[in-house]
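All remarks here apply to the structure that follows.
Here the structure is a predicted model, which means the values were calculated and not measured.
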Amino acid sequence: MNLEELLSAQAGDDGQAPKKDSPLKSLRVDLNFYKDSIKEVAIEIMAEGLSQYPIFIAHQHAVNLGELILDRNELGTQWTIQASTLEEFVEKGVILKSRKEHFIKTYKKPEDFMCLFVIVPEGANFVFYPYKGEEVKS
């Protein structure tokens, strides 16, 4: 799933935009600000042999998963990012062991895309967001 699909999934049942702005619009802005730092951490996770499947958790509330790398309160942004791995997601039961191979098959090249687990009040979903692409103005 990409961020545009997730944004449209937040729209009302009639396909119209939600009445209030989705918090995911601010996520796009923050990701463009964070992307170099996130990519550096992803490469470090892989280079150190921790995992070939880094996952970054994007949230606006307390989350007990992964390790804090970008704190919205310290940076004056809307979203906090924590770093994790496929292995931790399986260990904690976020990804079922029976779904691990499916996840690996759909995982996009980590040098080109960040794998995000985006948590919003309505639920959570995986999103692959490109490191390169159109810059979003805040």
Side-chain angles (χ1 to χ4, degrees):
M1 179 173 272
N2 63 38
L3 197 54
E4 286 73 26
E5 290 171 335
L6 192 57
L7 278 166
S8 65
Q10 298 292 313
D13 290 339
D14 57 2
Q16 298 299 313
K19 296 206 185 320
K20 66 177 194 163
D21 276 347
S22 168
L24 296 172
K25 290 182 181 180
S26 64
L27 177 57
R28 180 181 288 151
V29 173
D30 285 0
L31 290 177
N32 283 314
F33 178 68
Y34 291 155
K35 66 184 174 186
D36 291 338
S37 297
I38 291 173
K39 186 173 187 176
E40 188 176 310
V41 172
I43 290 169
E44 192 174 303
I45 287 170
M46 293 182 296
E48 291 182 7
L50 299 174
S51 178
Q52 291 305 301
Y53 307 97
I55 300 172
F56 297 92
I57 301 115
H59 61 90
Q60 295 180 311
H61 303 90
V63 172
N64 193 14
L65 187 64
E67 185 177 315
L68 179 68
I69 60 167
L70 298 162
D71 185 343
R72 69 189 184 109
N73 296 316
E74 289 179 13
L75 298 168
T77 55
Q78 299 281 321
W79 291 81
T80 293
I81 305 292
Q82 292 181 206
S84 185
T85 63
L86 169 61
E87 292 79 5
E88 181 182 11
F89 270 59
V90 170
E91 179 184 310
K92 296 215 173 167
V94 179
I95 295 175
L96 299 175
K97 288 181 184 178
S98 62
R99 301 294 292 163
K100 181 179 176 180
E101 289 305 314
H102 175 73
F103 182 85
I104 289 170
K105 287 178 184 173
T106 59
Y107 192 88
K108 293 189 178 188
K109 189 174 179 185
E111 294 82 7
D112 298 331
F113 292 87
M114 60 182 87
C115 175
L116 295 163
F117 187 64
V118 180
I119 302 171
V120 294
E122 297 80 17
N125 211 335
F126 286 97
V127 175
F128 290 92
Y129 191 76
Y131 290 113
K132 292 182 180 174
E134 185 177 314
E135 293 292 325
V136 177
K137 306 286 185 219
S138 54

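Annotation: the span from Ile95 atom CD1 to His102 atom NE2 amounts to 10.0 Å, rounded to 0.5 Å. Rounding to the nearest 0.5 angstrom, the gap separating the CD1 atom in Ile45 from the CD atom in Glu67 is 8.5 Å. Atom CD1 of Ile104 and atom CZ of Arg99 lie 12.0 Å apart (nearest 0.5 Å). Of the inter-residue distances, the one linking Arg72 atom CZ with His61 atom NE2 reads 7.0 Å to the nearest 0.5 angstrom. To the nearest 0.5 Å, the span separating NE2 on His59 from OG1 on Thr80 amounts to 5.0 Å. To the nearest 0.5 Å, atom OG1 of residue Thr85 and atom CD of residue Glu91 are 8.0 Å apart.
In this structure, Phe103 and Phe128 have tilted ring planes: the angle between them lies in the 30° to 60° band.
Closest non-hydrogen pair, Gln82 versus Leu65, comes out as NE2-O, 2.5 Å. In terms of heavy atoms, Glu111 sits closest to Tyr131 at O-CD1, 3.6 Å. Closest of all the heavy-atom pairs between Gln52 and Met46 is NE2-O, 3.5 Å. Lys97 and Val90 make their closest contact through CG-CG1, 3.6 Å (heavy atoms, listed as atom of the first residue, atom of the second, distance). The two residues Gly66 and Ser84 come nearest to each other via the heavy atoms CA-CB, 3.9 Å.
With contacts defined as side-chain heavy-atom distances shorter than 4.5 Å, the pair Leu116/Leu31 qualifies. At least one side-chain heavy atom of Ser26 sits under 4.5 Å from a side-chain heavy atom of Gln60. Contact annotation: the side chain of Ile55 approaches that of Phe126 to within less than 4.5 Å [non-hydrogen atoms, C-beta and beyond]. Counting heavy atoms from C-beta on, the side chains of Gln78 and Val29 never come closer than 4.5 Å. Contact annotation: the side chain of Ile81 never approaches that of Asp30 to less than 4.5 Å [non-hydrogen atoms, C-beta and beyond]. Side chains of Tyr107 and Cys115 form a contact here, defined as non-hydrogen atoms less than 4.5 Å apart.
Every side-chain hydrogen bond (donor to acceptor under 3.5 Å, both in side chains) that Tyr34 has, sequence neighbours left out, goes to Thr77.
Of the listed residues (Leu70, Val118, Ile119), just one forms a side chain to side chain contact (heavy atoms under 4.5 Å, CB included) with Trp79, and that residue is Val118. Screening Phe56, Phe89, Tyr129 against Phe117 for a ring-ring contact (aromatic ring centres under 6.0 Å, His included) leaves a single residue, Phe89.
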